[in-house]
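Every chain is numbered from 1, with letters handed out A, B, ... down the list of sequences.
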Amino acid sequence: MSLIELSEQELIRRQALEELLKLGINPYPAEKYEVNATTSEIIANYSDEKKNYQNVTIAGRIMSRRIMGTASFAELQDEKGRIQLYLNRDNICTDEDKTLYNIVFKRLIDIGDIVGVTGYIFITKMGEISVHVSNIKMLSKSLRPLPIVKEKDGQIFDAFTDPEQRYRNRSLDLIVNPHVKETFIKRTKVVNTMRDYLNSKSYIEVETPILQPLYGGAAARPFKTHHNTLDQTLYLRIANELYLKRLIIGGFDGVYEFSKDFRNEGMDRFHNPEFTQMELYVAYKDYFWMLELVEEMVEKVALNVHGSTQVTVGENIIDFKRPWKRYTMYSAIKEFTGIDISEMNEEQLKETAIKLNVNVDITMGKGKIIDEIFGVHCEPKLIQPTFIMDYPIEMSPLAKKHRSVNGLVERFEAICNGKEICNAYSELNDPIDQRNRFEEQLLLAKRGDEEAMVLDEEFLHAMEYGMPPTSGLGIGIDRLAMIITNSVSIQDVLFFPQMRPEKKLTRDDNEKYISIGVPVQWIPIIQKAGYSTIEQVKKANPNKLHQELCGLNKKHKLELQNPKIEEVKAWVEK
RNA sequence: GAUUCAGUAGCUCAGUAGGUAGAGCACAUCCCUUUUAAGGAUGGGGUCCUGGGUCCGAAUCCCAGCUGGAUCACCA
């Protein structure tokens, strides 16, 4: 990178780095720096009477500085929080040489630098617990200025809020926005709670392929890729259902996987192309049993993260306390639209959908129409956790036929805050029925349903050896994390949400500039002036370009010999 | 994909009947021994997203594009 491209503040920091080196201070030391406390534990446990924490060593990032002559205050932020530092010249520099304070601390250490300090804890006249620093050590020099976010009584000043910058530059977001870290810690707690719960039941955590020759287990469009050695098309998984069931067939009685799945579909505040699901399969169980497991597990998640079954989400308070409300799909539609669709055929359903302002098209089968009606008229109204049970058979090709009602399957979803958070079945284990259901999907695909499932011969082959009756569950971790952390967007619970690539300025190589006669040392200056390709140079007014170059030379004190106007003309005309 | 709003200093944001680009924080210099979003004073810093057009003159008006937000559609 050419120095001319840097902002003034970045240049000043690089100069500080040079000066540190000249003073024999390594701005990036290799050796470990042993801390013996964190900011939050000091603030929680320090007591003026006990006079504890009289020899602490902590490390972190300098977040603010207030220099008052020979005494200074700074704020140090570590993983757990912030604490004020008090630095006094003569405490840091016990002999005649005051360089460490006057030069190193006051001039060469910037906001954003990572330092280690040793000292004792005391309380200032203003009543703030602070570290009286006796030793300060540079651990890592920061070359870019941080956005300065200040806070007083919960009011935030100059918050760093631009979503694009926050998502693209998550490290910075985490540094200056402490609540962001909290969200991700909660997300991890959600996952850990579920994992502990499942492990306590002795289910086995497994891993299954992400690259799959056939994609299956859900209705969605996949990402497609290619394996060179095999010369074969592979898909990124849209679900892991079929592989997990093959493990059940193989004799594991309880398996689960936290899995990244990939769907090549729209992106918005509820959808990211890659997302996380937890899928669980347990042999010799049915969907009633699974429903109670979900209630218990999610209630535990809320309790572990919030210490309560109640979670504030937007304007609602959602209560995960068991038992949750239950509807069948038909009874839910009846409740919210007043229409009983349970006996209708496809024609009647279509008419009903149109009457209810639900979009239907030619590709939709009976199940899909019902799903649409439910999606429009019921789902958004279900704020408290609610189970919807017994789905039409057409939209559930992997679920077992209902034990008592024709045309339905044993399936439930849990809806919360107007969104699906999980999906579960009594799994279909009749290989002949399974083959028929796949064939019905093929017919849907022929009608134009892009999400219809593909027939998976290997899966059927495995099932033909005999699969125990099994209940299966998929639970959307991102969606659950959004609710638990009160986040409005999935991007707020993913560290690095998918973004469009930033458009890079196209810039010609040095060779091209040299080919029109530009001396190497002038190339970055021409680019700085805005001529990033020789195409642009050729279009330039040579007088203007000449003036701009001389101006930049002077302004940045580059001390280059200015080119003659004839030379600049020659570049432009070449 | 559609509609709509936005893009100005490192950060948060003002600004315009078209007429020399502003503030706070940050940064620099000087002063200052316990300050509390902010100690005092002075100062430097800009491709006003990009490219066209209108105009004597565009950050401002028009057109196109890029990026992002919001809403809607598909999907978990």
Side-chain angles (χ1 to χ4, degrees), chain A residues 6-13 15-16 64-75 84-91 101 106-107 110-112 122-128 130 132 143-168 172 176 218-221 238-239 261-277 359 361 371-372 375-376 379 413 415 419-423 450-451 474-480 482 488-491 499-505 527-532 536 548 555:
Chain A
L6 299 173
S7 69
E8 183 192 28
Q9 292 194 38
E10 288 173 294
L11 287 170
I12 287 165
R13 282 167 183 247
Q15 283 161 14
S64 72
R65 285 191 312 166
R66 296 182 288 279
I67 297 173
M68 330 267 298
T70 56
S72 293
F73 294 89
E75 260 186 308
Q84 177 168 271
L85 308 180
Y86 171 76
L87 296 97
N88 183 296
R89 185 187 66 197
D90 299 325
N91 284 103
Y101 182 79
K106 278 168 70 174
R107 289 201 32 236
D110 290 299
I111 290 175
F122 75 113
I123 296 182
T124 65
K125 282 182 192 163
M126 299 302 291
E128 178 141 349
S130 308
H132 198 289
L143 297 181
R144 287 179 188 271
L146 292 177
I148 306 297
V149 180
K150 294 184 176 176
E151 181 259 327
K152 163 84 169 172
D153 301 332
Q155 196 187 348
I156 310 280
F157 297 83
D158 300 332
F160 177 69
T161 53
D162 177 41
E164 178 177 6
Q165 290 198 69
R166 287 186 46 227
Y167 302 145
R168 284 196 199 277
L172 178 59
V176 303
R221 283 178 290 169
I238 57 171
D261 291 344
F262 305 84
R263 298 190 184 175
N264 205 341
E265 290 165 346
M267 287 166 59
D268 58 28
R269 70 191 179 95
F270 291 103
H271 300 87
N272 193 66
E274 57 182 284
F275 66 104
T276 306
Q277 272 202 97
N359 289 328
D361 66 59
D371 192 37
E372 282 297 309
V376 172
E379 202 173 41
E413 290 189 357
I415 314 285
K419 283 280 166 187
E420 171 190 344
I421 57 169
C422 83
N423 184 12
E450 287 186 64
E451 295 168 355
I475 179 160
I477 299 299
D478 311 289
R479 291 280 174 83
L480 183 60
M482 283 170 69
V488 293
S489 163
I490 196 168
Q491 294 168 311
M499 304 285 280
R500 278 202 174 75
E502 269 185 290
K503 206 186 152 200
K504 285 258 163 55
L505 202 65
Q527 291 178 335
K528 168 83 175 176
Y531 304 86
S532 53
Q536 289 170 302
E548 284 174 329
K555 180 175 162 191

**OP:** In whole angstrom, give me the gap between the P atoms of B/A28 and B/G45.
**Re:** 15 Å

Original post:
Is it true that A/Glu379 and A/Lys419 have a side-chain N and a carboxylate O under 4.0 angstrom from each other?
Top reply: no

Original post:
Whom does B/U50 pair with, Watson-Crick or G-U wobble, provided both distances fall under 3.5 Å?
Top reply: B/A64

**OP:** Pick base, sugar-phosphate or nothing for A/Gln9, based on heavy-atom distances below 4.0 Å to the nucleic acid.
**Re:** base

Subject >> Under 3.5 Å on both distances, the Watson-Crick or G-U partner of B/U71 >> reply: B/A2

Subject >> Under 3.5 Å on both distances, the Watson-Crick or G-U partner of B/A59 >> reply: none

Original post:
Please give, in whole Å, the distance from B/C27 C1' to A/Arg65 CZ?
Top reply: 10 Å

Below 3.5 Å between N/O atoms, which protein atoms pair up with nucleotides 35-38 of chain B? Just atom names and distances, please.
residue	atom	partner	partner atom	Å
B/U35	O2	A/Arg66	NE	2.5
B/U35	O2	A/Arg66	NH2	3.0
B/U35	N3	A/Gln84	OE1	3.1
B/U35	N3	A/Gln84	NE2	3.2
B/U35	O4	A/Gln84	NE2	2.2
B/U35	O4	A/Thr124	OG1	3.3
B/U36	O2	A/Glu128	OE1	3.0
B/U36	N3	A/Glu128	OE1	2.8
B/U36	O4	A/Gln84	NE2	3.4
B/U36	O4	A/Thr124	OG1	2.8
B/A37	OP1	A/Lys152	NZ	3.3
B/A37	OP2	A/Lys152	NZ	2.2
B/A37	O4'	A/Glu151	O	3.3
B/A38	OP1	A/Arg66	NH1	2.8

**OP:** Grab the CD1-C1' distance between A/Ile111 and B/C27 for me, whole Å please.
**Re:** 9 Å

**OP:** State which residues pass side-chain hydrogen bond (donor to acceptor under 3.5 Å, both in side chains) with A/Asn272; sequence neighbours excluded, sorted by chain then number.
**Re:** none

Original post:
Does the side chain of A/Thr276 reach to within under 4.5 Å of the side chain of A/Asp478, using non-hydrogen atoms?
Top reply: yes

**OP:** Searching all strands shown, indicate the nucleotide that pairs with B/G22 (Watson-Crick or G-U wobble; both distances under 3.5 Å).
**Re:** B/C13

Subject >> Integer-rounded Å distance: B/C27 C1' and A/Leu143 CG >> reply: 15 Å

**OP:** Measure the distance from CG on A/Asp162 to P on B/C5 and round it to the nearest whole Å.
**Re:** 19 Å

Original post:
When rounded to the nearest Å, what value does the distance between P atoms of B/C49 and B/A9 take?
Top reply: 8 Å

**OP:** Tell me, please, which residues at least two apart from A/Glu128 pass salt bridge (Lys or Arg N to Asp or Glu O under 4.0 Å).
**Re:** none

**OP:** Quick one: look up who B/A41 pairs with, Watson-Crick or G-U, both distances under 3.5 Å, and put none if it's unpaired.
**Re:** B/U29

Subject >> Distance between P atoms of B/A23 and B/U16 (Å, rounded) >> reply: 16 Å

Original post:
Is the distance from OP1 or OP2 of B/U67 to the nearest side-chain N or O of A/Gln165 less than 4.0 Å?
Top reply: no

**OP:** Using modelled atom types only, decide if a donor and an acceptor are shared between the side chain of A/Asp153 and the backbone of A/Gln155 within a distance under 3.5 Å.
**Re:** no

**OP:** To the nearest Å, give me how far apart CG (A/Leu6) and P (B/A28) are.
**Re:** 16 Å

Subject >> Nearest-Å distance for atom pair CD/P, residues A/Gln491 and B/U67 >> reply: 15 Å

Original post:
Taking CG from A/Leu11 and P from B/A9, how many angstroms apart are they, rounded to a whole number?
Top reply: 18 Å

Original post:
Counting any heavy atom closer than 4.0 Å, what does A/Ala218 reach on the DNA or RNA strands: base, sugar-phosphate only, or nothing?
Top reply: nothing

**OP:** Check every strand shown and say whether A/Tyr86 touches a base, only sugar-phosphate, or nothing at a heavy-atom separation below 4.0 Å.
**Re:** base

Between N or O atoms, less than 3.5 Å apart, protein on one side and nucleotides 72-74 of chain B on the other: list the pairs.
residue	atom	partner	partner atom	Å
B/C74	N4	A/Asp268	OD2	2.8

Original post:
Using the C1' atom in both, what is the distance from B/U8 to B/U71, to the nearest Å?
Top reply: 27 Å

Original post:
Which value, in whole Å, describes the distance between the P atoms of nucleotides B/C5 and B/G65?
Top reply: 16 Å

Original post:
When you compare B/U60 with B/G19, how far apart are their C1' atoms, in angstrom units rounded to a whole number?
Top reply: 11 Å

Original post:
Looking for any heavy atom pair under 4.0 Å, which part of the strands does A/Tyr101 touch: base, sugar-phosphate only, or nothing?
Top reply: nothing

**OP:** Please state whether the rings of A/Phe73 and A/Tyr86 are parallel, tilted or perpendicular, taking 30° and 60° as the class boundaries.
**Re:** tilted

**OP:** Considering only atom C1', compute the distance from B/U29 to B/A70 and round it to an integer number of Å.
**Re:** 46 Å

Original post:
Of A/Tyr167 and A/Glu379, whose nearest nucleotide on RNA chain B comes first from the 5' end?
Top reply: A/Tyr167

Original post:
Would you say A/Glu164 and A/Met499 make side-chain contact, with heavy atoms under 4.5 Å?
Top reply: yes

**OP:** Please measure how far the P atom in B/C61 lies from the corresponding atom in B/A6, and state the result in whole Å.
**Re:** 10 Å

**OP:** Could you tell me which residues satisfy side chain to side chain contact (heavy atoms under 4.5 Å, CB included) with A/Pro273, sequence neighbours excluded, listed by chain and number?
**Re:** A/Phe223, A/Met267, A/Gln498

**OP:** Would you check if A/Ser64 and A/Lys150 make a side-chain contact, meaning some heavy-atom pair closer than 4.5 Å?
**Re:** no

Original post:
Looking only at heavy atoms, what is the nearest atom pair of A/Phe160 and A/Leu172, with distance?
Top reply: CZ-CD2, 3.7 Å

Original post:
Taking OP1 and OP2 of B/A28, is either one under 4.0 Å from a side-chain nitrogen or oxygen of A/Arg107?
Top reply: no

Original post:
With a 4.0 Å cut-off on heavy atoms, is A/Asn272 in touch with a base, just the backbone sugar-phosphate, or nothing at all?
Top reply: base

**OP:** Write down the distance between CD1 (A/Ile12) and C1' (B/G43), rounded to a whole number of angstrom.
**Re:** 12 Å

Subject >> Euclidean distance, A/Ile12 CD1 relative to A/Leu6 CG, rounded to 0.5 Å >> reply: 11.5 Å

Original post:
With sequence neighbours excluded, what pairs up with A/Arg107 under the salt bridge (Lys or Arg N to Asp or Glu O under 4.0 Å) test?
Top reply: A/Glu19

